[in-house]
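Shown next, in structure tokens, is the structure this report addresses.
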Number of protein chains: 4
Amino acid sequence: MDADAAAAALTQAARDKLKQTVMSIEKLEEEKAEVGDHIKAVYAEAKAMGYDTKALRNVIKLRKMDRREREEADAILDTYLLALGEI
Amino acid sequence: MDADAAAAALTQAARDKLKQTVMSIEKLEEEKAEVGDHIKAVYAEAKAMGYDTKALRNVIKLRKMDRREREEADAILDTYLLALGEI
Amino acid sequence: MDADAAAAALTQAARDKLKQTVMSIEKLEEEKAEVGDHIKAVYAEAKAMGYDTKALRNVIKLRKMDRREREEADAILDTYLLALGEI
Amino acid sequence: MDADAAAAALTQAARDKLKQTVMSIEKLEEEKAEVGDHIKAVYAEAKAMGYDTKALRNVIKLRKMDRREREEADAILDTYLLALGEI
DNA sequence: ACCTCGCTGTCAATGC
DNA sequence: GCATTGACAGCGAGGT
């Protein structure tokens, strides 16, 4: 029987922990999917109001890229300041 | 000036609504990323405890497929029951 | 027997064509892998000569992005010219 | 000026070699992309002929795995034979 | 030997 | 309904 095999391979504690881990991942993935659905709903609402969702997605993407570039620039700046003993 | 162009193209209300939409999408995407990070952390913890994360991911995937199949089966059943006037 | 099942499901011609398709995809994937290996070899050689491969990869990526942007700009230009009846 | 900085950092020969390297990587990546396009075309053709491309991709994948397993088995066999002085 | 990161291949969502 | 495009997960290579 498979349950026996499992019993042989893992201690009770290990199996419990495994079960907990699986449960918590599944719960988190569900949350993630819900947030994703929520995002879709916002786009759908915007579309219903007459906005061009493609352009909207572009705006989001560009702002994300800008943010990323700023962060990279900051990181470089920090590196320089650190190198100069300014931090 | 670009701001003038924008002012010409959209009403103040439309621009405010657009701004709100962008903000709310960005907020949701941030949440989503956080949940994703959380998931990674759980996998990392499991790995640190000696679990094989690849196997773990497989477990999650299989359970998700099972769930999906059950849901599909339920949907088909509902369709049949509906067709038979049983619901 | 499985071969019988296959025989029942597909005509001889269809099976031959399928076999040809699989063979040609496999051949192409092999080619692709070889080119990939070749690329790796070039990076390895560059590294052996003292170049920073990470920086090198960045150069390649940036040039690709530039190329893409140029192409997009050209496409937009073409659109405009076309709209103006200049082409 | 940037060109001066580059001139200061690298010898003419080093810059030429770098240029060659970049060119050859870009050429290879282009080839790779072409082969990739070719593969897509074959799948598209198969689809147009009525084949289920998802199933087709599965076939390719399974055959690749089989090949890999065979190669691994062969490698192990070689190791044993070598160890036994049979090669 | 591990870990991080880039790449590829897959899947779903959108527009035509 | 299909074809294109974008997001995501999985894999492999490279660095530490």
Side-chain angles (χ1 to χ4, degrees), chain A residues 25-26 28-29 32-33 35-44 46-48 51-62 64-65 68 72, chain B residues 25 28-29 32-33 35-37 39-48 50-62 64-65 68, chain C residues 25 28-29 32-33 35-48 51-62 64-65 68 72 75, chain D residues 25 28-29 32-33 35-37 39-62 64-65 68:
Chain A
I25 290 170
E26 286 179 344
L28 287 168
E29 294 207 333
K32 199 177 157 193
V35 179
D37 288 348
H38 202 156
I39 292 173
K40 276 182 206 159
V42 176
Y43 275 113
K47 185 175 187 174
Y51 291 107
D52 174 359
T53 55
K54 192 172 177 181
L56 192 52
R57 283 177 193 277
N58 257 322
V59 170
I60 301 286
K61 185 192 287 183
L62 290 172
K64 188 185 282 181
M65 284 173 65
R68 192 192 179 88
E72 283 174 4
Chain B
I25 290 170
L28 287 168
E29 292 206 335
K32 199 177 157 194
V35 179
D37 287 349
I39 292 172
K40 276 184 203 158
V42 175
Y43 275 113
E45 185 201 359
K47 183 174 189 174
Y51 292 106
D52 174 358
T53 56
K54 190 173 177 179
L56 192 51
R57 284 178 193 276
N58 261 322
V59 169
I60 302 286
K61 185 192 286 183
L62 289 172
K64 187 184 280 180
M65 285 173 65
R68 194 191 180 87
Chain C
I25 291 171
L28 288 167
E29 293 206 334
K32 199 178 157 194
V35 179
D37 288 348
H38 203 157
I39 292 172
K40 276 183 207 159
V42 175
Y43 275 112
E45 186 202 359
K47 183 176 188 175
Y51 291 107
D52 175 0
T53 56
K54 191 172 177 179
L56 193 51
R57 284 177 193 276
N58 259 322
V59 170
I60 301 286
K61 185 190 286 184
L62 289 172
K64 187 184 282 180
M65 285 172 65
R68 193 192 180 88
E72 283 173 4
Chain D
I25 290 171
L28 288 167
E29 293 206 333
K32 200 177 157 193
V35 179
D37 288 348
I39 292 173
K40 276 183 201 160
V42 175
Y43 275 112
E45 185 201 1
K47 183 174 190 173
M49 296 182 69
Y51 291 106
D52 174 359
T53 56
K54 190 171 177 181
L56 192 50
R57 284 178 193 277
N58 261 322
V59 170
I60 301 287
K61 186 189 287 182
L62 289 172
K64 187 185 280 180
M65 285 173 64
R68 192 190 180 90

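Residue numbering restarts at 1 for every chain, and letters A, B, ... go by the order of the sequence lines.
Residues D:Y43 and D:I60 are in side-chain contact: their nearest non-hydrogen atoms beyond the backbone lie under 4.5 Å apart.
In this structure, D:L28 and C:V35 approach most closely via the heavy-atom pair O-CG1, 3.3 Å.
For the pair C:R57 and D:K61, nearest-nucleotide mapping onto DNA chain E gives the more 5' position to C:R57.
Between C:T53 and F:dG15 there is a side-chain polar atom (N or O) within less than 4.0 angstrom of OP1 or OP2. Between D:K32 and E:dT8 there is a side-chain polar atom (N or O) within less than 4.0 angstrom of OP1 or OP2.
Using a 4.0 Å cut-off between charged nitrogen and carboxylate oxygen, A:E26 and B:K64 do not count as a salt-bridge pair.
The interatomic distance linking D:K64 (NZ) with E:dT10 (P) rounds to 8 Å, in whole Å. The separation between C:R68 atom CZ and F:dT5 atom C1' is 10 Å, rounded to whole Å. We find that CG of D:D37 is positioned 12 Å from P of E:dG9, with the value rounded to whole Å. As a whole-Å value, the separation of A:L28 CG from F:dC8 P is 16 Å. D:D52 places its CG atom 12 Å from the P atom of F:dC2, with the value rounded to the nearest Å. In this structure, A:N58 atom CG and E:dG15 atom P are separated by 12 Å, rounded to whole Å. The distance between atom OH of A:Y43 and atom P of E:dT14, rounded to the nearest whole Å, is 10 Å.
Contact annotation for C:K54: no contact, since no heavy-atom pair falls under 4.0 Å across all strands. Using a 4.0 Å heavy-atom distance criterion, C:K40 is classed as a sugar-phosphate-only contact. Counting non-hydrogen atoms under 4.0 angstrom, A:K47 reaches the backbone sugars and phosphates but no base.
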